[in-house]
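All residue numbers refer to positions in the sequence shown, counting from 1.
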Amino acid sequence: MRIRTAAPLALAAATALAGSLLASVPASAASHQGGLHLGKIQYDSPGKDTRTNTSLVAEYVDIHNNGKSKLQLKGYKLKDNTGYTYTFPSFSIAAGKTVRVHTGKGKNSAAHVYWNRGSYVWNNTGDKARLIKPSGALLDSCSWGKGTGVKVCH
(Lines give C-alpha, C1' and ligand atoms only; values in the text may rest on other atoms or scores of the structure.)
Protein backbone atom coordinates (compact mmCIF):
# COMPACT_ATOMS: atom_id res chain seq x y z
CA MET A 1 0.00 0.00 0.00
CA ARG A 2 1.38 3.39 -0.96
CA ILE A 3 0.74 6.14 1.55
CA ARG A 4 0.47 9.83 0.68
CA THR A 5 0.53 12.68 3.17
CA ALA A 6 0.65 16.44 2.96
CA ALA A 7 2.61 18.06 5.76
CA PRO A 8 3.72 21.56 4.75
CA LEU A 9 5.14 22.36 8.19
CA ALA A 10 7.20 19.16 8.26
CA LEU A 11 8.41 19.90 4.73
CA ALA A 12 9.57 23.37 5.73
CA ALA A 13 11.42 21.98 8.77
CA ALA A 14 13.01 19.21 6.70
CA THR A 15 14.10 21.72 4.04
CA ALA A 16 15.70 23.96 6.67
CA LEU A 17 17.43 20.99 8.28
CA ALA A 18 18.67 19.67 4.92
CA GLY A 19 20.09 23.08 4.09
CA SER A 20 21.99 23.25 7.37
CA LEU A 21 23.28 19.71 6.96
CA LEU A 22 24.48 20.37 3.42
CA ALA A 23 26.43 23.36 4.63
CA SER A 24 28.34 21.14 7.07
CA VAL A 25 29.19 18.27 4.69
CA PRO A 26 32.96 17.96 4.23
CA ALA A 27 34.34 18.30 0.69
CA SER A 28 35.45 14.65 0.68
CA ALA A 29 31.81 13.49 0.98
CA ALA A 30 31.06 14.89 -2.48
CA SER A 31 34.09 13.34 -4.25
CA HIS A 32 31.99 10.92 -6.36
CA GLN A 33 30.25 13.87 -8.02
CA GLY A 34 33.11 14.00 -10.53
CA GLY A 35 31.65 10.91 -12.23
CA LEU A 36 28.45 8.89 -12.36
CA HIS A 37 25.96 9.35 -9.51
CA LEU A 38 22.30 9.35 -8.51
CA GLY A 39 20.48 12.67 -8.77
CA LYS A 40 16.79 13.42 -8.36
CA ILE A 41 14.43 10.57 -7.46
CA GLN A 42 10.68 10.96 -7.93
CA TYR A 43 9.71 8.04 -5.68
CA ASP A 44 6.04 9.00 -5.40
CA SER A 45 4.53 9.90 -8.77
CA PRO A 46 2.28 12.97 -8.65
CA GLY A 47 -1.44 12.37 -8.15
CA LYS A 48 -3.14 9.14 -7.17
CA ASP A 49 -1.28 5.85 -7.48
CA THR A 50 -3.42 4.34 -10.24
CA ARG A 51 -0.83 1.94 -11.72
CA THR A 52 -1.55 3.44 -15.13
CA ASN A 53 1.50 3.77 -17.34
CA THR A 54 1.23 7.57 -17.04
CA SER A 55 1.60 7.25 -13.26
CA LEU A 56 4.35 4.61 -13.51
CA VAL A 57 6.39 6.70 -15.97
CA ALA A 58 6.21 9.63 -13.52
CA GLU A 59 8.16 7.54 -10.97
CA TYR A 60 11.84 7.79 -11.92
CA VAL A 61 15.49 8.07 -10.96
CA ASP A 62 17.95 10.49 -12.59
CA ILE A 63 21.53 9.33 -13.08
CA HIS A 64 24.12 12.03 -13.84
CA ASN A 65 27.46 11.75 -15.60
CA ASN A 66 29.47 14.70 -14.30
CA GLY A 67 32.64 13.22 -15.75
CA LYS A 68 34.61 14.53 -18.71
CA SER A 69 33.94 11.60 -21.02
CA LYS A 70 31.10 9.45 -22.29
CA LEU A 71 30.38 6.32 -20.24
CA GLN A 72 29.01 2.95 -21.35
CA LEU A 73 26.42 1.79 -18.80
CA LYS A 74 25.92 -1.76 -20.08
CA GLY A 75 25.64 -4.04 -17.04
CA TYR A 76 25.20 -1.23 -14.49
CA LYS A 77 22.29 -1.92 -12.13
CA LEU A 78 19.77 0.22 -10.29
CA LYS A 79 18.26 -1.56 -7.25
CA ASP A 80 15.81 -0.86 -4.47
CA ASN A 81 15.61 -2.32 -0.94
CA THR A 82 13.40 -5.25 -1.95
CA GLY A 83 15.67 -6.33 -4.79
CA TYR A 84 13.85 -4.90 -7.81
CA THR A 85 16.65 -4.45 -10.33
CA TYR A 86 16.98 -2.53 -13.57
CA THR A 87 20.03 -3.62 -15.59
CA PHE A 88 21.20 -1.23 -18.27
CA PRO A 89 21.42 -2.65 -21.78
CA SER A 90 24.08 -1.27 -24.11
CA PHE A 91 23.60 2.42 -23.35
CA SER A 92 25.99 5.39 -23.42
CA ILE A 93 25.61 8.57 -21.40
CA ALA A 94 27.51 11.61 -22.63
CA ALA A 95 29.71 13.72 -20.36
CA GLY A 96 27.66 16.25 -18.41
CA LYS A 97 24.35 14.54 -19.28
CA THR A 98 21.56 12.85 -17.31
CA VAL A 99 19.56 9.72 -18.04
CA ARG A 100 16.15 9.30 -16.44
CA VAL A 101 15.16 5.72 -15.56
CA HIS A 102 11.34 5.54 -15.60
CA THR A 103 9.47 2.71 -13.85
CA GLY A 104 6.79 2.42 -16.55
CA LYS A 105 6.83 1.53 -20.24
CA GLY A 106 8.18 3.61 -23.10
CA LYS A 107 10.75 3.84 -25.88
CA ASN A 108 14.36 4.36 -24.80
CA SER A 109 16.17 7.47 -26.02
CA ALA A 110 19.43 9.27 -25.22
CA ALA A 111 17.91 10.87 -22.10
CA HIS A 112 15.22 8.36 -21.03
CA VAL A 113 15.15 4.62 -20.41
CA TYR A 114 12.20 2.56 -19.26
CA TRP A 115 12.06 -0.29 -16.75
CA ASN A 116 8.82 -1.50 -18.42
CA ARG A 117 7.20 -2.49 -15.13
CA GLY A 118 3.47 -2.66 -14.47
CA SER A 119 3.82 -1.79 -10.77
CA TYR A 120 5.73 0.74 -8.67
CA VAL A 121 9.31 0.17 -7.51
CA TRP A 122 10.11 2.93 -5.02
CA ASN A 123 8.33 2.92 -1.65
CA ASN A 124 6.72 6.19 -0.58
CA THR A 125 7.37 5.59 3.11
CA GLY A 126 11.10 4.90 2.73
CA ASP A 127 13.51 3.11 0.42
CA LYS A 128 17.06 3.17 -0.86
CA ALA A 129 18.25 3.42 -4.47
CA ARG A 130 21.59 1.80 -5.27
CA LEU A 131 23.69 2.29 -8.41
CA ILE A 132 25.92 -0.74 -8.88
CA LYS A 133 28.82 -1.23 -11.29
CA PRO A 134 28.93 -4.30 -13.56
CA SER A 135 31.63 -5.68 -11.21
CA GLY A 136 29.07 -5.68 -8.37
CA ALA A 137 30.70 -2.77 -6.53
CA LEU A 138 28.38 -0.12 -5.10
CA LEU A 139 28.95 3.16 -6.94
CA ASP A 140 26.35 5.35 -5.21
CA SER A 141 23.26 5.09 -3.01
CA CYS A 142 20.51 7.39 -1.81
CA SER A 143 17.85 6.71 0.82
CA TRP A 144 14.75 8.49 2.07
CA GLY A 145 11.99 8.16 4.60
CA LYS A 146 8.42 9.34 4.45
CA GLY A 147 8.51 12.71 2.71
CA THR A 148 7.38 14.84 -0.19
CA GLY A 149 7.73 12.23 -2.94
CA VAL A 150 10.96 13.70 -4.28
CA LYS A 151 14.52 13.15 -3.07
CA VAL A 152 17.45 15.12 -4.47
CA CYS A 153 20.48 12.97 -3.76
CA HIS A 154 23.32 15.16 -5.06
Student: Is the shortest distance from a Lys or Arg side-chain nitrogen in Asp62 or Lys40 to a carboxylate oxygen in the other one below 4.0 Å?
Tutor: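 No salt bridge links Asp62 with Lys40.
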Student: For Ile41 versus Ala129, what's the shortest heavy-atom pair and its separation?
Tutor: CD1-CB, 3.7 Å
Student: Are His102 and His112 linked by a side-chain donor-acceptor pair shorter than 3.5 Å?
Tutor: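 On atom types as modelled, these side chains qualify, holding a pair under 3.5 Å.
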Student: Hey, are Glu59 and Ser45 close enough side-chain-wise for a donor-acceptor pair under 3.5 Å?
Tutor: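 On atom types as modelled, these side chains do not qualify, holding no pair under 3.5 Å.
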Student: Please walk me through it: do Cys142 and Lys128 pass side-chain contact (heavy atoms from CB on, under 4.5 Å)?
Tutor: CA-CA 6 Å; Cys142 183; Lys128 184 174 187 176; over 6 Å; no
Student: Okay, side chain of Ser135, backbone of Lys133: is any donor-acceptor separation there less than 3.5 Å?
Tutor: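 Not confirmed, Ser135 side chain does not pair with Lys133 backbone.
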Student: Nearest 0.5 Å please: distance from the OG atom of Ser143 over to the CG atom of Asn81.
Tutor: 8.0 Å
Student: Give a yes-or-no answer on whether the side chains of Thr52 and Thr50 include a donor-acceptor pair shorter than 3.5 Å.
Tutor: yes
Student: One pair to check against side-chain contact (heavy atoms from CB on, under 4.5 Å): Trp115 and Val121. What are the steps and the verdict?
Tutor: CA-CA 10 Å; Trp115 206 319; Val121 171; 3.7 Å; yes
Student: Can you confirm whether Val61 sits close enough to Tyr86 that some side-chain heavy atom of one is under 4.5 Å from a side-chain heavy atom of the other?
Tutor: no
Student: Specify the closest pair of heavy atoms between Trp144 and Lys151, including all atoms of both residues, with the distance to one decimal.
Tutor: CB-CD, 4.2 Å
Student: Can you check whether Thr103 reaches Tyr60 side chain to side chain, under 4.5 Å on heavy atoms?
Tutor: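 A side-chain contact under 4.5 Å is absent here.
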Student: Under a 3.5 Å threshold, yes or no: a donor from one side chain and an acceptor from the other, between Thr82 and Asp80?
Tutor: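 Indeed, the side chains of Thr82 and Asp80 share at least one donor-acceptor pair under 3.5 Å.
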Student: Look up atom CG in Asp44 and atom OG1 in Thr148, then write down how far apart they are to the nearest 0.5 Å.
Tutor: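 Rounded to the nearest 0.5 Å, the CG-OG1 separation comes out at 8.5 Å.
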Student: Which value, rounded to the nearest 0.5 Å, describes the distance between Phe88 atom CZ and Ile93 atom CD1?
Tutor: 7.5 Å
Student: Indicate yes or no: at least one non-hydrogen side-chain atom of Ser55 is less than 4.5 angstrom from one of Lys48.
Tutor: no
Student: Do the side chain of Asn65 and the main chain of Ser69 share a donor and acceptor less than 3.5 angstrom apart?
Tutor: yes
Student: Could you give the distance from CG (Leu139) to NZ (Lys77), rounded to the nearest 0.5 Å?
Tutor: 14.0 Å
Student: Shortest non-hydrogen contact from Pro46 to Ala58?
Tutor: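 Shortest heavy-atom contact: CD-CB, 3.9 Å.
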Student: Rounded to the nearest 0.5 Å, how far does CG of Leu131 lie from OH of Tyr76?
Tutor: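 So the OH of Tyr76 and the CG of Leu131 are separated by 7.5 Å.
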Student: So, Lys70 and Ser92: side-chain donor and acceptor under 3.5 Å apart, yes or no?
Tutor: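 Judged by distance alone, the side chains do not pair up.
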Student: Distance to the ring centre below 6.0 angstrom and angle to the axis at most 45 degrees; does that hold for Arg51 and Tyr120?
Tutor: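 Because its charged atom misses either the 6.0 Å distance or the 45° angle limit, Arg51 does not stack over Tyr120.
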Student: Taking all non-hydrogen atoms of both residues into account, name the closest pair between Val99 and Phe91 and its distance.
Tutor: CG2-CZ, 3.5 Å
Student: So Ile63 and Leu38, side-chain contact (heavy atoms from CB on, under 4.5 Å) or not? Walk me through it.
Tutor: CA-CA 5 Å; Ile63 299 174; Leu38 297 169; 4.1 Å; yes
Student: From Ser141 OG over to Lys79 NZ, what is the distance, rounded to the nearest 0.5 angstrom?
Tutor: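 Spacing of OG (Ser141) from NZ (Lys79) equals 13.5 Å.
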Student: Test Asn108 against Tyr114 for side-chain contact (heavy atoms from CB on, under 4.5 Å), laying out the working first.
Tutor: CA-CA 6 Å; Asn108 291 351; Tyr114 296 84; 3.5 Å; yes
